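Note that the numbering runs from 1 along the sequence shown for the chain. For clarity, every value in this text was computed on a predicted model and none was experimentally measured.
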Amino acid sequence: MDSFSSFFEAQSSSRGGWTHESLKNFRQISPVVQSHLKRVYLTLCCALAAAAVGAYLHMLWNIGGLLTALSCFGSMMWLLASPPREVNKRVGLLMAASLLEGASIGPLIELAIDLDPSVIITAFVGTAVAFGCFSAAAVVAKRREYLYLGGLLSSGLSILIWLQFASSFFAGSTALFKFELYFGLLVFLGYIVFDTQQIIERAHLGDLDYVKHALTLFVDFVAVFVRIIIIMLKNSSERSEKEKKKRRY
């Protein structure tokens, strides 16, 4: 019991230091790592722009589907297998993977625009704010403070995979679908914090592969964005159904 109490006391004391001085913790990050983070986030912004182009291309030519999803996965694997010195090639593969990912989620975005165009803007702003807050929390926190989350998040991801597998047998279970949706959102929000601190720690150890790091954060961003859209669409459809029932009576 003493060990548990000391652990929670240490955690509370470390989180109790969120003062104005805690926002100056960038001093614990070397200038080289700070420069690396700027390149990572700039590359991430370019990848998100490429994904937006991919979604737009789907709405023009209806190209999104299984083929673009498989091509996106292949581009990511090709990127990870390429040596870091081939920067231009790897950046091109990242942009291609991002464009294909945008086309793959294009049907969902098209559905949201047809039902309520404001959902897309609200979901993107909400994802950007959540991503910025969780990523900033990882940056200003003490080094390695959130790396312990790796095991918990891996377990959560395994549970999420099993839930998706189970949902194929219980397709009509609304409760299971909601739990899977919100639990997946929680897991990937945790991955934003974990991956950001892992990127910082790897950069301190000499791993300055900003393309791979941008890909990691891109996957987290898209996973959160997709789940927020689905949650908003589901809530919107439930509200519309309630309004229809009220009109009937």
Side-chain angles (χ1 to χ4, degrees), residues 37-66 68-69 71-73 75-76 94-139 160 164 174 177-196 213-244 246-247:
L37 288 176
K38 291 178 183 178
R39 299 178 78 178
V40 169
Y41 287 116
L42 178 61
T43 308
L44 173 62
C45 290
C46 293
L48 293 175
V53 172
Y56 180 71
L57 291 178
H58 167 77
M59 287 185 284
L60 287 179
W61 297 312
N62 195 27
I63 61 175
L66 180 61
T68 55
S71 300
C72 174
F73 181 77
S75 299
M76 290 181 180
L94 175 61
M95 295 303 117
S98 302
L99 189 143
L100 292 167
E101 178 66 21
S104 299
I105 65 174
L108 176 63
I109 294 177
E110 190 174 19
L111 175 63
I113 291 175
D114 292 339
L115 295 178
D116 186 2
S118 64
V119 168
I120 297 299
I121 299 175
T122 305
F124 182 80
V125 172
T127 304
V129 171
F131 183 90
C133 292
F134 280 87
S135 188
V139 171
L160 187 62
Q164 290 178 343
T174 305
F177 176 75
K178 283 188 175 181
F179 178 78
E180 176 192 343
L181 196 60
Y182 286 97
F183 182 71
L185 178 62
L186 181 63
V187 168
F188 283 105
L189 286 174
Y191 264 113
I192 292 174
V193 179
F194 171 74
D195 287 335
T196 302
H213 294 165
L215 173 63
T216 301
L217 295 179
F218 174 78
V219 172
D220 295 340
F221 190 99
V222 172
V224 173
F225 177 64
V226 167
R227 279 162 178 78
I228 290 179
I229 288 181
I230 296 175
I231 290 171
M232 293 186 66
L233 287 176
K234 189 168 183 60
N235 292 338
S236 179
S237 64
E238 289 177 354
R239 284 196 301 267
S240 62
E241 288 179 1
K242 289 180 180 179
E243 290 177 358
K244 288 180 181 178
K246 288 181 180 178
R247 291 174 183 175

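Closest non-hydrogen pair, Ala97 versus Cys72, comes out as O-SG, 3.3 Å. Heavy atoms only, all atoms of each residue included: Arg227 and Leu185 are closest at CD-N, 3.5 Å. Nearest heavy-atom pair across Gly65 and Thr68 is O-OG1, 2.8 Å. Closest heavy-atom contact between Met95 and Thr43: CE-O, 4.0 Å. Residues Ala214 and Leu94 share a closest heavy-atom pair of CB-CD2, 4.2 Å.
For Asp116, the side-chain hydrogen bond (donor to acceptor under 3.5 Å, both in side chains) partners at least two apart in sequence or on another chain are Ser118. Every residue two or more places apart in sequence or in another chain was checked for a ring-ring contact (aromatic ring centres under 6.0 Å, His included) with Phe73, and none qualifies. Residues satisfying the side-chain hydrogen bond (donor to acceptor under 3.5 Å, both in side chains) criterion with Ser135, sequence neighbours excluded, are Tyr41, Thr196. Considering only residues two or more places apart in sequence or on other chains, Phe124 meets the ring-ring contact (aromatic ring centres under 6.0 Å, His included) condition with Phe221. Remark: Leu115 engages Leu111, Leu233 in a side-chain contact (heavy atoms from CB on, under 4.5 Å) (not counting sequence neighbours).
Proximity of a side-chain donor or acceptor of Ser236 to a complementary backbone N or O of Met232 within less than 3.5 Å is not detected.
In this structure, CZ in Phe177 is found 9.0 Å from OG1 in Thr174, a value given to the nearest 0.5 Å. Taken from CD1 in Ile192 to OG1 in Thr216, the straight-line distance is 12.5 Å, to the nearest 0.5 Å. Residue Phe225 holds its CZ atom at 7.5 Å from CG of Leu108, rounded to the nearest 0.5 Å. Ser98 contributes atom OG, which lies 8.5 Å from atom CG of Leu44 (distance to the nearest 0.5 angstrom). Expressed to the nearest 0.5 Å, how far OH of Tyr191 lies from CG of Asp220 amounts to 8.5 Å. Here the CG atom belonging to Leu100 is positioned 12.0 Å from the CD1 atom belonging to Ile105, to the nearest 0.5 angstrom.
Looking only at side-chain heavy atoms (C-beta outward), Tyr182 and Leu186 stay at 4.5 Å or farther from each other.
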Which pairs would a plain distance check flag for residues 45-61, meaning a side-chain donor or acceptor within less than 3.5 Å of a matching protein atom at least two apart in sequence or in another chain?
{"unit_1": "His58", "atom_1": "ND1", "unit_2": "Ile63", "atom_2": "N", "d": "3.4"}
{"unit_1": "His58", "atom_1": "ND1", "unit_2": "Gly64", "atom_2": "N", "d": "2.9"}
{"unit_1": "His58", "atom_1": "NE2", "unit_2": "Glu110", "atom_2": "OE1", "d": "3.2"}

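Applying the 6.0 Å contact sphere to NZ of Lys234 captures more than 12 heavy atoms from other residues, nucleotides or ligands.
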